[in-house]
Amino acid sequence: MAKKPVQFRLNGDEKAAFVDDGQNLLDVLRRGVGDLTPKYGCGQGTCGTCTVLIDGEPRLSCLTLAETVDGHAVTTVAGLADGATLHPLQDAFMCHFAAQCGYCTPGMLIAAKALLDRNPRPTREDVVEAISGNICRCTGYEAIINAILDAANAASGSSYARG
């Protein structure tokens with residue numbers, strides 16, 4: 001079976017790969033171009049740890065055919081930081097101890113970035129809805145929700161009252 005050439009922008013860098021029919025984006029990212037930040041969780045689209053942004057929209061890379069990203073921009077959690085400077089969401093996750101085992105963290109951060117990009121002043125309910133497709137077995141979600149709200153409020157210059 002012939003492989004198909006795919007070109008896409010990954011975290012701002014041009015990438016090219018040859019993909020098999022039916023090969024998922026997660027496999028191409030991890031094995032093809034070496035970005036190990038999207039995690040393999042369930043492989044069925046239920047845990048969210050493989051979430052990436054495709055042209056700014058959150059997508060489950062385990063369910064996305066690699067050939068569909070040809071010509072598109074893909075952002076993983078590796079693309080959030082600016083060199084050694086963490087993205088405000090990453091900083092907030094550290095401050096709130098929102099990453100315990102860290103397995104869900106890439107998907108949570110990408111889901112949160114997608115939310116804040118379209119809604120910079122989310123309510124607690126907005127945050128809960130935005131991360132509802134991501135499963136965390138360690139934190140109980142509270143620290144994650146508070147981190148996202150704090151990052152949003154830090155960006156807007158206001159303070160967030162927990163409770």
Side-chain angles (χ1 to χ4, degrees), residues 6 8-13 15 17 19 22-69 72-82 85-120 122-155 160:
V6 175
F8 58 100
R9 195 168 341 116
L10 176 62
N11 301 326
D13 295 327
K15 298 290 180 184
V19 303
Q23 187 173 12
N24 68 43
L25 178 60
L26 178 63
D27 189 48
V28 171
L29 291 172
R30 293 183 59 84
R31 295 181 189 182
V33 298
D35 186 338
L36 301 177
T37 58
K39 302 296 184 203
Y40 179 87
C42 66
Q44 301 174 348
T46 58
C47 74
T49 195
C50 68
T51 305
V52 300
L53 297 176
I54 300 175
D55 296 334
E57 294 296 320
R59 299 280 174 84
L60 298 167
S61 62
C62 73
L63 297 181
T64 301
L65 292 175
E67 62 196 60
T68 65
V69 301
H72 294 274
V74 177
T75 304
T76 67
V77 75
L80 296 185
D82 183 12
T85 303
L86 295 178
H87 185 278
L89 280 165
Q90 293 170 311
D91 195 40
F93 268 57
M94 287 181 54
C95 290
H96 285 269
F97 301 102
Q100 291 189 7
C101 85
Y103 210 80
C104 72
T105 305
M108 289 287 187
L109 284 167
I110 291 295
K113 176 156 181 10
L115 168 66
L116 298 186
D117 285 350
R118 72 175 185 277
N119 179 5
T123 64
R124 180 176 197 78
E125 291 76 26
D126 295 333
V127 172
V128 169
E129 174 66 24
I131 65 170
S132 64
N134 299 70
I135 296 173
C136 174
R137 292 179 171 86
C138 301
T139 67
Y141 299 96
E142 203 59 32
I144 294 169
I145 293 166
N146 288 337
I148 295 168
L149 288 169
D150 269 359
N153 288 319
Y160 166 64

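Numbering of residues begins at 1 and proceeds along the displayed sequence.
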Approximate separation, where rounding is to 0.5 Å, of F8 CZ and H72 NE2: 11.5 Å

Closest heavy-atom pair and its distance - T51, P58: CG2-CB, 4.0 Å

Of all pairs that satisfy side-chain hydrogen bond (donor to acceptor under 3.5 Å, both in side chains), the ones with a partner from residues 108-118, not counting sequence neighbours: K113-D117

Test item: R59 side-chain N/O and L53 main-chain N/O as donor-acceptor pair under 3.5 Å: no

I148/R124 under side chain to side chain contact (heavy atoms under 4.5 Å, CB included): CA gap, chis, key distance, verdict: CA-CA 9 Å; I148 295 168; R124 180 176 197 78; over 6 Å; no

Inter-residue atom distance L25.CG - T68.OG1, 0.5 Å rounding: 7.0 Å

Side-chain donor or acceptor of D55 paired with backbone N/O of A73 under 3.5 Å: yes

Side-chain heavy-atom pair T105, V77 within 4.5 angstrom cut-off: no

OG1-CG distance between T75 and D35, expressed to the nearest 0.5 angstrom: 10.0 Å

Minimum-distance pair of heavy atoms, taken over all atoms of V28 and A17: CG1-CB, 4.1 Å

Inter-residue atom distance E142.CD - H96.NE2, 0.5 Å rounding: 11.0 Å

Contact check, side chains of T49 and Y40, non-hydrogen atoms, under 4.5 Å: no

Euclidean distance, L80 CG relative to I110 CD1, rounded to 0.5 Å: 4.5 Å

G107 backbone acceptor or donor facing N134 side chain under 3.5 Å: yes

Minimal non-hydrogen separation, T46 against I135, with atom names: O-CD1, 3.4 Å

Spacing of CG belonging to D91 relative to CG belonging to L86, to within rounding of 0.5 Å: 6.0 Å

Where A143 and F97 come nearest, the two heavy atoms and their spacing: CB-O, 4.0 Å

Audit row: E67, Q23, side chain to side chain contact (heavy atoms under 4.5 Å, CB included) steps and yes/no: CA-CA 8 Å; E67 62 196 60; Q23 187 173 12; over 6 Å; no

Shortest non-hydrogen separation from I144 to M108 and the atoms involved: CD1-CE, 3.9 Å

Residues which pass side-chain hydrogen bond (donor to acceptor under 3.5 Å, both in side chains) with R31, listed by chain and number, not counting sequence neighbours: D27

Donor-acceptor under 3.5 Å (N153 side chain, L149 main chain): yes

Minimum heavy-atom distance between V6 and A66, given as atom pair plus value: CG1-O, 3.8 Å

Results of side-chain hydrogen bond (donor to acceptor under 3.5 Å, both in side chains) for N24 - residues two or more places apart only: none

Check: C50 main-chain N/O paired with S61 side-chain donor or acceptor under 3.5 Å: yes

